[in-house]
Every structure is written in C-alpha cells, then in structure tokens.
Asks: 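Sharing a structure below in structure tokens format, with a few things to ask.
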Amino acid sequence: MSIVLYNTRTKKKEPFEPLRPGEVSMYVCGVTVYDDCHLGHARSALTFDVIRRYFEFSGYRVQYVRNFTDIDDKILNRAQKEGVPWQEISKRYIQAFYRDMGALGITKPHAEPRATEHIADILRMVQGLVNKGLAYAIDGDVYFSVGKFPTYGQLSGKNLEELQAGARIEIDPRKQDPMDFALWKASKPGEPGWESPWGTGRPGWHIECSAMSVAKLGPTFDIHGGGKDLIFPHHENEIAQSCGYTGKDFARVWVHNGFVTVDKEKMSKSLGNFFTIREILDKSPVSASAFITGECLRYYLLSTHYRSDLNWSEQSLPEAKAALDNLYGLIQRLEESGSQEPMASDEELERALKHFAHKFMESMDDDCNTPKALAAFQEFRGEVNKLLVKGLSGYAKKTAIGNLKKFGEPLGLLQIPSKEWPFIAPSKEKSMLLEGKAGEHTPLIGSRIVSKSSEWIEQQIQLRKEAREKKDFITADNIRKELAENDIILEDRPDGTTRWKR
RNA sequence: GGCGCCGUACCCAAGUGGCUAAGGGAGCAGUCUGCAAAACUGCGAUUCAGCGGUUCGAACCCGCUCGGCGCCUCCA
C-alpha cells in the first residue's frame, strides 16, 4: 500500500513516489510575520504537520522546511505605523507564531529559514535569471519576464491572455508585460535594503521561497505545500523563477489546503472576519464554560478533509471536545486494573484492533483522509466499550491503550495522560479565580490548576461510601454535590467502587 | 469576462459507479442504578439542491437549472 496525495499540478490523486527511496523532502510556505496568526494559518500548519507526521509514521525519513517571510511591505507598514524598527515586528510575530503553534501541538520543521538570512541566495538567483534573459532590470527593480517562460500558468490552469483580460491591478507602464512580477525592488528612502548590482533594494514577494527551498532541499524536491490561495500567483511564480534559474524540475507534488471560512466567506485579514488562534484558545468564544484546549481545536480541524473549505462555527469546539472526552474516557477505563488471566474477549479485541489499524492507515493513505481516520477511532471505541462490558485482561487493555496512542500520534491526538485531560470544563470565572490563588498551595494537573487534591477527593469518596452503606443517602448526595461544585464527577461502578473525573 | 470548487439527516462530516449512504454532536426510548453518571441496546436520510440523460445499476459520470463560494490584487 502506498500513500496517495492529490497533486494540484495534475489535478489528480497520485501514488506518492519519492525522489529518493524512503525519503520525503517537503517545503511549505509559512507566514509573513506582521500580525498574529488566525485559524486559517493554523489549518495550513496543521495540515502539513499531519502529512509530515504520517510520512514519518509510515517509515519515511522526512526533511520538512517551512519558512518565515520576515521582510515585506506589510511588515514595513506595520513598523512605520507603530514607529518601531521593522525587525522588532518580525521578531515579535515569530514569537507569537511559536506560541500559537505550540498550543496546537504543531511539531517544529527541520529547518525554518527566514528570507533575510537568504539574501545572498536570492541575489544569486535574480542575477542568474537576468543572465539567462528571463528577467530585466529597470530603475533598480528587477522583473521576471513571464513571456519568456513558456509553461507559465501550468499550475493554476491559467494562460497569459486570460490573465491580462481580467487584470485588476493598475499596470506599471515600465514593465514589458503587465504580468511580469518583481524579483527585486529598489528601496525607497528610509526603507531597509541590501546592496545589489541594481542598487540598494529588497526581495520581491515570491523569490524568497524559491531561494530558500532550493537552498535547503535542492533544485528538485518532493512536496511543496500551502494554502490554496497561494496557487496563483505565488506558487506559479515560484515555479517560473526556480525552473528558470535551475533549468530543472521544481516541486513534484503540489499540495494545497482549503480555507477556513466564516459564514461561507474566506477568513482573511482584508475582510476582517478572522479569529486569531490566541483569541480562540484564551477567550474561548465558544462558551464561557468550555475549557478549550489546542487538542480540541486540532480534533475539530482534522474532522474535515484538508482540501475542503471548513466553515467555522462556535459549536464546533464543544463538539470536538465531546468526541475527545469519549476517547480519553475510554483510555481512563482501560487503565483500570483488568484480569491477570487471558479472557475470552481478548481475541475479539485482537480482531477489532486489526480492523482499526487497517481502516486508519487506509484512510490516511488516501490523501490524508483524517475525518475517516477519526471515524476509525470512534468505531474502535465502540468495539472496545462493548468488550469492556464482557471483560478484558489487563494485557489486552494495555494493548488497546498502546494502539490508541500509537495511531493518535500522527494526528497529534491522545498523547497526554488521561489524568490530565479536562473532562469537566471549569467555568472561565473559576479558572481565573484559581489562577489568582496560584501563589498558595494549589494542586496542578499537567498545566492545569485544579481546586482539590486527589487525596482530598479520595477521602470524600470514602466518606460517601460509608454513608451509602448506612443508607444515609442525604449525606452521600451532599458529598456528590460538593464534589460537583469543584468540577469533579463521580461514576459508581457495579462492584461498589467509584470512579472520578475532573 | 476567464478558470475552478461546493450543495449528503436537526448540526458537523465521510463516501465520487454496485455489499444495510461511515463517524461525531445533539435528541428520544429502554437496560443498569438508592440517586446520578458512564456503558450498552434500540429509534433517526427508501435518500444524497432540482430536472433530464448515459448505464443492467449513479449521491457518485454527462448536460441544464437553482443556490453558495474561491482565484484572476495582498492573503494559509
């Protein structure tokens, strides 16, 4: 079985065949660091994080590169607006990027080049294109001549005549062709710049990705990714520059993720209809009581196929959390002691496990079908719950847990201890109250502050048990109530013992 | 104007030519239970925006219509 990916270039799903056996080289367009990331950025980062993880899970050695564009008009504009050096802007938002991606559990790429670290590579490429006659300089600017690149438009399925007919930009009369785009831009007074054969200037928008990908992965590599809004002109231009310069093939497979939309409209800075990752994680716009974690957001984003658009709605996060509660709840029950002896149901578990593993991999192999992969998890959960009623050996339970975690890994789910999973969502107010008391002795579960220690809870359960044995249900119910007020719920088992969650 | 995508149950969402149209959330009923929760069992699209066509057979292919969106300008 091999992994199949949809290739934008051929408009088809294709079995993935790496350039070098057992290795995958991938370059993904990161962000221009001029503001906080919104959900759309999260989706892109997550899509390629999962693709990368799944390749590794499948035994490939992956070389994953994702850039920062840290010099650009938007950064300069923002710096000017705030009256700070432009480097301060890029530095600030690179940090913000790491903070947000960390919360989402996005693994770090192997290399994260920044445009400003590759000025020499950029200049070499621009010069090379000029030497080959594919680019020309005017007044310190250098433009790529699209007319000299016969296959221009092959990725996006556009042709030059159509593009010109629909051109909405005002045309720079100095350009030989309206579609020609800037490789290098002369610095205006007061703007940052680097010395070049054409005077002081800075890179155009598209060239940095060509220079960095070729520098890090060589002229030809396996996968190039990004949001589908980058297909044209960004990726089209990257192909023209890179192939024009190296004379070799560029990326073999082009992978593009769909948008996050709001009321079916693309989430974007210009429309102003965006939610930043920080906002969603911190302010919890879903509901005041929902305890939102990056993992819920991850589950939510993965519950739609990466190429489809995903319409954001506030109820999605609680739904994702409910689905995760069920999975973590299963793990919690599996962690409880089981029979030392093998049991009849153990064999059935083996079968369920085989089916789960098969469906999971089959789904992921098929163009990273994460919604189907999640369905495999949920089906497995149902099977194991049934077997748990019949009884499973301790060994079988451990096997089940091991596999849930193993297959959760490429999705970045189910990796924290079940004890740290917040089954009960403390209200926003209560969380803040607890944080306010952080200086005092406050129990900590994972990174979460909780109101009561496990010892205290166990003690209360014991008191309740004694009350129940005396049929003093009023006392017993009061204890349950008090625990509930502290976001702890009790589940009585048939054998008289009590399980608790928070 | 050019190119392209989408429309599946109350909500989210797989499926893109043939096994009962996955899965999650919400809901209802039942088992269990002092109560509660969990778990389990059952119920929930004779139907895939609409209309035609191709086919032995279509949610899936083709055409048209309706509705929504995207790219062609910065954008993940």
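Atoms considered below: every heavy atom in the structure, side chains included; atoms not considered: hydrogens, waters and symmetry mates. Below, chain A is the first sequence line, B the second, and so on; all start at residue 1.
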Asks: Any side-chain heavy atom of A:Q241 sitting closer than 4.5 Å to one from A:H206?
Replies: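 A side-chain contact under 4.5 Å exists here.
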Asks: Please state the C1' separation for the pair B:G42 and B:A58 - nearest whole angstrom.
Replies: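 Pairwise C1' distance, B:G42 against B:A58, rounds to 32 Å.
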Asks: Ignoring the backbone of A:E265, work out which of B:A22, B:C69, B:G25 is nearest its side chain.
Replies: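 When the side chain of A:E265 is considered, B:C69 is the closest of B:A22, B:C69, B:G25.
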Asks: Which nucleotide, B:A13, B:C11, B:A76, lies nearest any side-chain atom of A:L230?
Replies: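 Side chain of A:L230 sits closest to B:A76.
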Asks: What nucleotide, of B:C35, B:G23, B:A76, holds the atom closest to the side chain of A:E379?
Replies: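 Closest of the options to the side chain of A:E379: B:G23.
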Asks: Grab the CG-P distance between A:D472 and B:G34 for me, whole Å please.
Replies: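 Atom-to-atom, A:D472 to B:G34, this comes out as 16 Å.
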Asks: Within the 4.0 Å heavy-atom criterion, would you say A:D72 contacts the bases, only the backbone, or no part of the nucleic acid?
Replies: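 Counting heavy atoms under 4.0 Å across all strands, no contact is made by A:D72.
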Asks: Has A:N326 got a side-chain N or O lying under 4.0 Å from the OP1 or OP2 atom of B:G25?
Replies: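 Checking B:G25 against A:N326, a side-chain N or O does come within under 4.0 Å of OP1 or OP2.
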Asks: If you draw the axis of the six-membered ring of A:Y98, does the NZ or CZ of A:K108 fall within 45° of it and under 6.0 Å from the ring centre?
Replies: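 The answer is yes, since A:K108 meets both limits relative to A:Y98.
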Asks: Taking the side chain of A:P371 as heavy atoms from C-beta outward, which of B:G4, B:A13, B:C35 is closest to it?
Replies: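 Output: B:A13.
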Asks: For the side chain of A:P233, counting heavy atoms from C-beta on, which of B:C74, B:G24, B:G4 is nearest?
Replies: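 Of all the options, the side chain of A:P233 is nearest to B:C74.
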Asks: Write down the distance separating the P atoms in B:A21 and B:U47, rounded off to the nearest Å.
Replies: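 It works out to 12 Å between them.
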Asks: To the nearest Å, how far apart are A:H234 NE2 and B:G70 P?
Replies: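 Taking NE2 of A:H234 and P of B:G70, I get 21 Å after rounding.
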Asks: To the nearest Å, give me how far apart CG (A:D35) and P (B:C74) are.
Replies: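 It is 19 Å, rounded to the nearest whole Å.
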Asks: Of the nucleotides B:G70, B:A76, B:U41, which has the atom closest to the A:K386 side chain?
Replies: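 Of all the options, the side chain of A:K386 is nearest to B:U41.
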Asks: Can you find an N or O donor on one side and an acceptor on the other, under 3.5 Å apart, linking the side chain of A:D477 with the base of B:G34?
Replies: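 Result: at least one qualifying N/O pair found.
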Asks: Whole angstroms only, please: what is the NZ-P distance between A:K501 and B:A39?
Replies: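 Result: 7 Å.
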Asks: For A:I489 and B:A39, what is the distance between atoms CD1 and P respectively, to the nearest whole Å?
Replies: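 A:I489 atom CD1 is separated from B:A39 atom P by 10 Å.
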Asks: Measuring from the side chain of A:S270 (C-beta onward, heavy atoms only), which nucleotide among B:A13, B:C40, B:C74 has the closest atom?
Replies: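 Selected nucleotide (nearest to the side chain): B:C74.
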Asks: Cation-pi between A:K269 and A:Y34: NZ/CZ under 6.0 Å from ring centre and within 45° of the ring axis?
Replies: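 Yes, A:K269 lies over the aromatic ring of A:Y34.
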Asks: Do any side-chain nitrogens or oxygens of A:K321 fall under 4.0 Å of OP1 or OP2 in B:G25?
Replies: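 No, outside the criterion.
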Asks: Quick one: A:E319 CD to B:A13 P, roughly how many Å, whole number?
Replies: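 Answer to the nearest Å: 10 Å.
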Asks: Which of the following nucleotides, B:C72, B:G24, B:A13, is nearest to the side chain of A:K158?
Replies: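 For the A:K158 side chain, the nearest candidate turns out to be B:C72.
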Asks: Let's see if you can work this out: which of B:G24, B:A22, B:G70 has an atom nearest to the side-chain heavy atoms of A:F259?
Replies: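 Out of B:G24, B:A22, B:G70, the nucleotide with an atom closest to A:F259's side chain is B:G70.
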Asks: Check every atom of B:A22, B:A39, B:C71 against the side chain of A:N385 and return the nucleotide holding the closest atom.
Replies: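 When the side chain of A:N385 is considered, B:A39 is the closest of B:A22, B:A39, B:C71.
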Asks: Expressed as a whole number of angstroms, how long is the span from A:L392:CG to B:C40:P?
Replies: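 Value for this atom pair: 13 Å.
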Asks: Are A:F48 and A:Y27 close enough that their ring centers fall under 6.0 Å?
Replies: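 No, too far apart.
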Asks: Just the rounded figure in Å: distance from P of B:G4 to NE2 of A:H256.
Replies: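 Interatomic distance, NE2 of A:H256 to P of B:G4: 16 Å.
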